Novice: 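The following block contains the structure, expressed as structure tokens.
Since we're looking at a predicted model, the values are computed, not measured. Below, chain A is the first sequence line, B the second, and so on; all start at residue 1.
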Amino acid sequence: MKYNPEEVELKWQRYWEEQKLFLTKEDEREKFYCLEMFPYPSGRIHMGHVRNYAIGDVIARYKRMRGYNVLHPMGWDAFGLPAENAAINHGVHPAKWTYENIDYMKKQLKRMGLSYDWTREVTTCEPEYYRWNQWFFLKMYEMGLAYRKSSTVNWCPSCSTVLANEQVVDGGCWRCDSEVIQKELEQWFLRITAYAEELLQGCEKLIEGWPEHVIAMQKNWIGKSHGAEVDFAIEGSDETIRIFTTRPDTLWGATFMCISPLHPMAEKLTADREALERIKSTYGKAEEKHGLFTGRYAINPVNNERLPIYIANFVLMEYGTGAIMSVPAHDQRDFEFARLFDLPVRVVIEPEGGSLSEPLSEAYEEEGVLVNSAQFSGMPSSEAKKAIIDFLEQKGIGKAKVNYRLRDWGISRQRYWGTPIPIIYCDDCGVVPVPEDDLPVILPKDVELTGTGMSPLLTSEEFLYTSCPRCGKRARRETDTMDTFVDSSWYFIRYCSPKDADALDRKRIKYWMPVDQYIGGVEHAVLHLLYSRFFTRVLRDIGIVDFDEPFTNLLTQGMVCKETLSCPEHGWLLPEEVKDERCIKCGSPVTRGRVEKMSKSKKNVIDPDYLINRYGADTSRLFSLFAAPPEKDLEWSDRGIEGAYRFINRLWSLVHEHSEGLKKVKDQRVEPVGKGASLFRKTHQCIKKVTQDIERRFQFNTAIAAMMELFNEISSFKPSADEDYRIMRFALRNLLLMLSPFAPHVAEELWTVIGEEPSIFNQPWPVWDEEAAKEQEVELVVQINGKVRAKIMIPAGLSDDEIKQKALNDERVQKYTAGREIKKTIVIKGRLINIVL
RNA sequence: GCCGGAGUGGCGGAAUUGGUAGACGCAAGGGACUUAAAAUCCCUCGGGGCAUAGCUCCGUGCCGGUUCGAGUCCGGCCUCCGGCACCA
């Protein structure tokens with residue numbers, strides 16, 4: 001009987017659905033919440049999804065067999081730019097585009113045979129979902145966590161939208177790479193900085209369950225630093241400028257001062273508007289430093305020196321106080337600036353036990369010992385930092401200060417396809433929040449999408465004008481929508497009670513949350529994961545949840561990569577555009593480029609539909625789990641998938657070939673006797689290995705390798721008597737159970753072929769017997785002076801002395817030991833002996 | 001520059017955390033079956049040397065160290081990949 005993946009897979013997918021096998025309800029069992037990052041409905045799934053969801057499905061099915069009540073949901077991150085761009089470019093309404101994509105992708109996911117509870121499906125563009133975005137926003141507004149301010153924002157002229165700092169990559173838009181410019185706008189912000197310290201501290205709790213590098217990235221992003229704020233008087237003015245420094249030990253080395261062009265004092269200190277504008281235009285540009293001398297001086301409060309005040313493009317208003325003291329001897333940026341303006345460089349820190357040769361060729365940024373610093377000279381930096389802060393505090397001119405790089409989260413987007421911000425502007429009452437009872441504020445359908453950069457909601461009169469909830473007069477709605485990261489910051493909570501009738505049901509949330517295992521790409525290591533941690537804390541403070549961290553364990557899967565092909569004339573090529581190492585269009589030799597993340601633009605993608613049509617879901621899943629450990633990058637291999645397919649086919653044929661013999665001995669007791677004794681043992685060993693590989697760090701690749709080994713042994717075992725069949729059946733039955741989370745359809749089918757009742761997924765995970773798994777004979781490696789000189793078979797469980805005797809009696813060993821004194825022997829139980837001569 | 005991670009056969013990757021380096025898969029070579037091919041099955045497969053049923057030396061990016069024993073631990077380098085980057 002030939003293996004037909006499609007037939008088998010559709011059959012069992014239908015069965016599971018009919019049996020409602022994966023629908024989940026709260027019960028008395030221990031819960032396990034297994035979650036994969038939900039996709040953006042871009043149109044079709046890609047190999048990254050296949051890998052992500054295959055990993056999640058193995059975990060969910062495995063945990064289910066281990067007796068957990070598993071929650072394994074799926075949904076759609078359905079708001080976002082591409083839908084709107086499709087509308088602009090092709091005239092399709094974003095809603096239509098999105099829902100059609102969801103339909104198609106849902107079919108694809110179902111075709112993969114994933115064990116989701118589809119009744120919990122969540123779609124973020126539905127009013128039942130986004131009304132809670134609005135509700136949280138109102139709560140945050142009440143709590144002072146949502147606020148409006150005018151600020152310069154990152155603006156992508158191509159996407160015509162505001163970008164969060166995190167969405168700016170190397171000065172370009174994260175989506176389209178266009179250069180990002182600064183623009184002044186009234187924006188809504190969420191005060192994530194109020195939780196900066198807590199989010200940082202919380203990282204410690206994640207150490208056990210999260211990858212180290214993700215925690216490092218989060219800490220880095222929060223960017224806590226200790227230092228001091230110091231007030232500098234301005235000569236000829238009553239005002240002072242406050243600076244922040246992490247190096248109070250270099251205070252005596254300040255030779256000038258810089259303020260940000262956006263600093264409120266900038267306009268007061270210079271009359272030259274034009275020059276100020278020029279500096280502003282280079283603000284934040286990393287390439288070069290620009291400065292403008294104001295003609296004014298500040299007074300260094302520790303030594304009363306006059307310091308010229310500059311306006312400098314590299315001083316950021318968003319960090320610290322927007323003003324710095326400049327110590328060119330000990331800060332490379334100040335050093336470069338000093339060179340530019342020929343400003344003095346004064347050394348106040350010398351390396352311990354040495355001295356700097358002046359003039360300096362670069363700043364000395366290390367810590368050291370203070371010099372030229374009045375009473376603090378001679379003190380080491382670390383000590384001086386504290387002492388100087390004490391001194392500043394006593395004198396009332398400064399204080400210790402902790403700063404964070406983390407900024408508040410700007411959520412306003414001048415876009416249509418997102419959650420309307422539930423705010424009304426009334427001429428008399430000002431900013432008025434939409435009353436809770438009026439939620440949701442529905443996103444209107446009749447909107448003109450032009451891509452001009454104006455909020456499209458401005459074009460819907462019906463939406464725009466409303467009456468003020470306070471005074472009843474005609475008022476305008478906020479027309480910006482929320483950043484879509486708001487949607488994904490709490491969707492995992494929504495899955496617990498997905499229907500609006502019981503939305504945010506505390507009891508159900510308490511049962512399921514937090515997520516026990518979260519699986520997704522590293523690209524969300526800061527953005528999504530940090531926002532989710534923030535939201536969870538806000539929800540905790542509102543009283544909806546009673547924990548801090550949403551995701552107990554996190555698995556960040558590696559990228560799916562493939563070799564790239566390119567031609568000097570035609571650029572990236574598809575594999576079918578290459579013949580005999582030459583481009584079929586022009587005949588130029590083809591460059592086999594680096595193995596890179598699959599992307600349409602580089603033409604190195606594999607379409608999951610093609611894969612599943614050709615090999616089936618089981619093979620596709622098995623290969624993506626076997627080719628590399630989950631957290632590492634996976635290199636696509638056409639041959640590799642053939643290997644996985646071959647394995648499944650071999651298993652299929654073997655089971656069918658022996659199905660009669662296997663069925664006949666069903667329910668008969670297995671005994672480890674006869675020629676099958678070693679297969680019996682191998683089976684127990686395999687259960688142990690596979691279980692341990694899954695339990696510790698999800699090493700699916702080695703788990704599959706172990707199953708292949710077991711299969712190879714079953715396959716070379718030629719059963720004749722019933723006792724042989726009993727053992728073969730025992731081995732196969734367990735192999736199918738172990739394989740079932742990885743290749744669920746074929747496992748379920750073959751389960752019935754050996755005479756078992758479906759569903760295999762109602763079976764418990766197999767257990768091994770430690771005794772039965774033990775080898776009776778083991779290979780002893782005999783080393784002499786650390787080199788392997790012999791390998792001998794010995795019975796397991798010998799004492800050290802017996803092992804030593806066996807080894808010394810071996811003639812190959814005697815060749816070396818003859819006439820020499822044995823200094824020492826080291827015996828590793830059941831494994832190795834090292835004889836030191 | 002700073003912070004993470006990784007370097008093992010022709011390739012993807014194993015190695016119970018200090019105890020046989022190369023599991024499993026792929027590729028390659030040889031053989032069987034076949035009119036033939038595909039598929040399938042069996043054997044070989046890190047490199048060198050030799051008196052070639054065997055023996056022996058070398059081998060986990062490089063140099064050193066600890067140890068009876070190092071892919072694994074320590075010190076110093078090199079290379080590659082990710083993240084952050086004028087954060088004062």
Novice: Using a cut-off of 4.0 Å on non-hydrogen atoms, how would the nucleic acid contact of R405(A) be classed: base, sugar-phosphate, or nothing?
Specialist: base
Novice: Determine which bases of RNA chain B form Watson-Crick or G-U wobble pairs with both distances under 3.5 Å, and write the result as a 5' to 3' dot-bracket string with | for other-strand partners.
Specialist: (((((((..(((......[....))).(((((.......))))).(((((...)))))..(((((..]....))))))))))))....
Novice: Please give, in whole Å, the distance from C86(B) C1' to L262(A) CG?
Specialist: 15 Å
Novice: Say we look at G48(B) and G10(B): how far apart would their P atoms be, to the nearest angstrom?
Specialist: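 Looking at atom P only, G48(B) and G10(B) are 10 Å apart.
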Novice: Write down the distance separating the C1' atoms in G49(B) and G59(B), rounded off to the nearest Å.
Specialist: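 Taking atom C1' in both G49(B) and G59(B), they lie 15 Å apart.
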Novice: Please list each protein N or O that sits under 3.5 Å from an N or O in nucleotides 11-15 of chain B, with the distance.
Specialist:
unit_1, atom_1, unit_2, atom_2, d
G12(B), O2', A627(A), O, 2.8
G13(B), O3', N701(A), ND2, 3.3
A14(B), OP1, N701(A), ND2, 3.0

Novice: Considering every strand and a 4.0 Å limit on heavy-atom distances, what is the contact class for K787(A): base, sugar-phosphate, or nothing?
Specialist: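 Touches sugar-phosphate only.
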Novice: Answer yes or no: is there an ion pair linking E779(A) with K791(A), defined by an N-O contact shorter than 4.0 Å?
Specialist: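 No salt bridge links E779(A) with K791(A).
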Novice: Exactly one of F711(A), Y3(A), F623(A) should register a ring-ring contact (aromatic ring centres under 6.0 Å, His included) with F647(A). Which one does?
Specialist: F711(A)
Novice: Do the ring planes of W409(A) and Y531(A) sit parallel (below 30°), tilted (30 to 60°) or perpendicular (above 60°)?
Specialist: parallel
Novice: Rounding to an integer number of angstrom, what distance separates U44(B) and A27(B) when you compare their C1' atoms?
Specialist: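 Nearest-Å result for U44(B) against A27(B) at atom C1': 14 Å.
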Novice: Starting at the 5' end of RNA chain B, which residue's closest nucleotide do you reach first, E212(A) or Q783(A)?
Specialist: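 Closest to the 5' end, via its nearest nucleotide, is E212(A).
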Novice: Say whether S381(A) and E366(A), considering side chains only, have a donor N or O and an acceptor N or O under 3.5 Å apart.
Specialist: no
Novice: How are the rings of H656(A) and W652(A) set to each other: parallel, tilted or perpendicular (split at 30° and 60°)?
Specialist: tilted
Novice: Checking salt bridge (Lys or Arg N to Asp or Glu O under 4.0 Å) for the pair E305(A)/R346(A): CA distance, chi angles, key distance, verdict?
Specialist: CA-CA 13 Å; E305(A) 275 184 32; R346(A) 186 193 303 150; 2.6 Å; yes
Novice: In whole Å, measure the gap between the P atoms of U60(B) and G64(B) for me.
Specialist: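 Those two atoms are separated by 13 Å.
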Novice: Quick one: label E779(A) by what it contacts on the DNA or RNA (base, sugar-phosphate, nothing), any heavy atom closer than 4.0 Å.
Specialist: base
Novice: Distances for protein N/O vs nucleotides 41-46 of chain B N/O pairs under 3.5 angstrom?
Specialist:
unit_1, atom_1, unit_2, atom_2, d
C41(B), OP1, R650(A), NH1, 3.4

Novice: What residue pairs, at least two apart or across chains, pass salt bridge (charged side-chain N to carboxylate O under 4.0 Å, His left out) with a residue in residues 682-698 of chain A?
Specialist: R66(A)-E695(A), K682(A)-E709(A), K688(A)-E770(A), K689(A)-D693(A), D693(A)-R696(A)
Novice: Say you pick atom C1' in C33(B) and the same atom in U56(B); how far apart are they, in whole Å?
Specialist: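 Comparing C1' positions in C33(B) and U56(B) gives a spacing of 40 Å.
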Novice: How is T245(A) classified with respect to the nucleic acid when contacts are heavy atoms under 4.0 Å: base, sugar-phosphate, or nothing?
Specialist: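 Counting heavy atoms under 4.0 Å across all strands, the contact made by T245(A) is with sugar-phosphate only.
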Novice: Evaluate the ring pair (Phe, Tyr, Trp, His ring centres under 6.0 Å) criterion for residues F337(A) and F314(A): first the C-alpha distance (whole Å), next the side-chain angles of each, then the deciding distance (0.1 Å), finally the verdict.
Specialist: CA-CA 10 Å; F337(A) 195 84; F314(A) 69 91; 5.7 Å; yes
Novice: Output, in order, the C-alpha distance, side-chain angles, deciding distance and verdict of side chain to side chain contact (heavy atoms under 4.5 Å, CB included) for V690(A) and W768(A).
Specialist: CA-CA 10 Å; V690(A) 171; W768(A) 75 92; over 6 Å; no
Novice: Would you say the side-chain atoms of N313(A) pair up with the backbone N or O of H290(A), donor to acceptor, closer than 3.5 Å?
Specialist: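 Yes, N313(A) side chain to H290(A) backbone: donor-acceptor pair under 3.5 Å.
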Novice: For G643(A), which contact category applies under a 4.0 Å heavy-atom criterion: base, sugar-phosphate, or nothing?
Specialist: sugar-phosphate
Novice: Can you tell me, in whole Å, how much space there is between the P of C62(B) and that of G7(B)?
Specialist: 13 Å
Novice: When you compare the side chains of Y319(A) and S225(A), does any donor N or O come within less than 3.5 Å of an acceptor on the partner?
Specialist: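 The answer is yes; a qualifying pair exists.
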Novice: Just checking N403(A): base, sugar-phosphate only, or nothing, at a heavy-atom cut-off of under 4.0 Å?
Specialist: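 Nothing, no nucleic acid heavy atom in range.
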Novice: Looking only at atom P, what distance separates A38(B) and A23(B), rounded to whole Å?
Specialist: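 One P to the other, the span is 27 Å.
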Novice: Name the nucleic acid region contacted by S225(A), choosing base, sugar-phosphate or nothing; use a 4.0 angstrom heavy-atom cut-off, strictly under.
Specialist: sugar-phosphate
Novice: If you assign each of V315(A) and V522(A) to its closest nucleotide in RNA chain B, which residue comes earlier from the 5' end?
Specialist: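 By nearest-heavy-atom nucleotide position, the 5'-most residue is V522(A).
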Novice: Which residue pairs pass the side-chain hydrogen bond (donor to acceptor under 3.5 Å, both in side chains) test when at least one of the two sits in residues 823-837 of chain A, sequence neighbours left out?
Specialist: none
Novice: Applying side-chain hydrogen bond (donor to acceptor under 3.5 Å, both in side chains), which residue pairs with at least one partner in residues 208-217 of chain A are found, sequence neighbours left out?
Specialist: none
Novice: Tell me the interatomic distance from K823(A), atom NZ, to C68(B), atom P, rounded to whole angstroms.
Specialist: 11 Å
Novice: So, does N834(A) get its side chain near the phosphate of U20(B), meaning an N or O under 4.0 Å from OP1 or OP2?
Specialist: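 N834(A) to U20(B) OP1/OP2: no side-chain N or O under 4.0 Å.
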Novice: With a non-hydrogen cut-off below 4.0 angstrom, is V781(A) in contact with a base, only sugar-phosphate, or nothing?
Specialist: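 The answer is base, as V781(A) lies within the cut-off (heavy atoms under 4.0 Å) of a base atom.
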Novice: Respond yes when some side-chain nitrogen or oxygen of R831(A) is under 4.0 Å from OP1 or OP2 of G19(B), and no when none is.
Specialist: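 Answer no for this pair, as no side-chain N or O of R831(A) is under 4.0 Å from OP1 or OP2.
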Novice: What interatomic distance, in whole Å, is found between P of C84(B) and the corresponding atom of G13(B)?
Specialist: 24 Å
Novice: Got a donor-acceptor pair under 3.5 Å from the side chain of K289(A) to the base of C86(B)?
Specialist: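 Indeed there is one.
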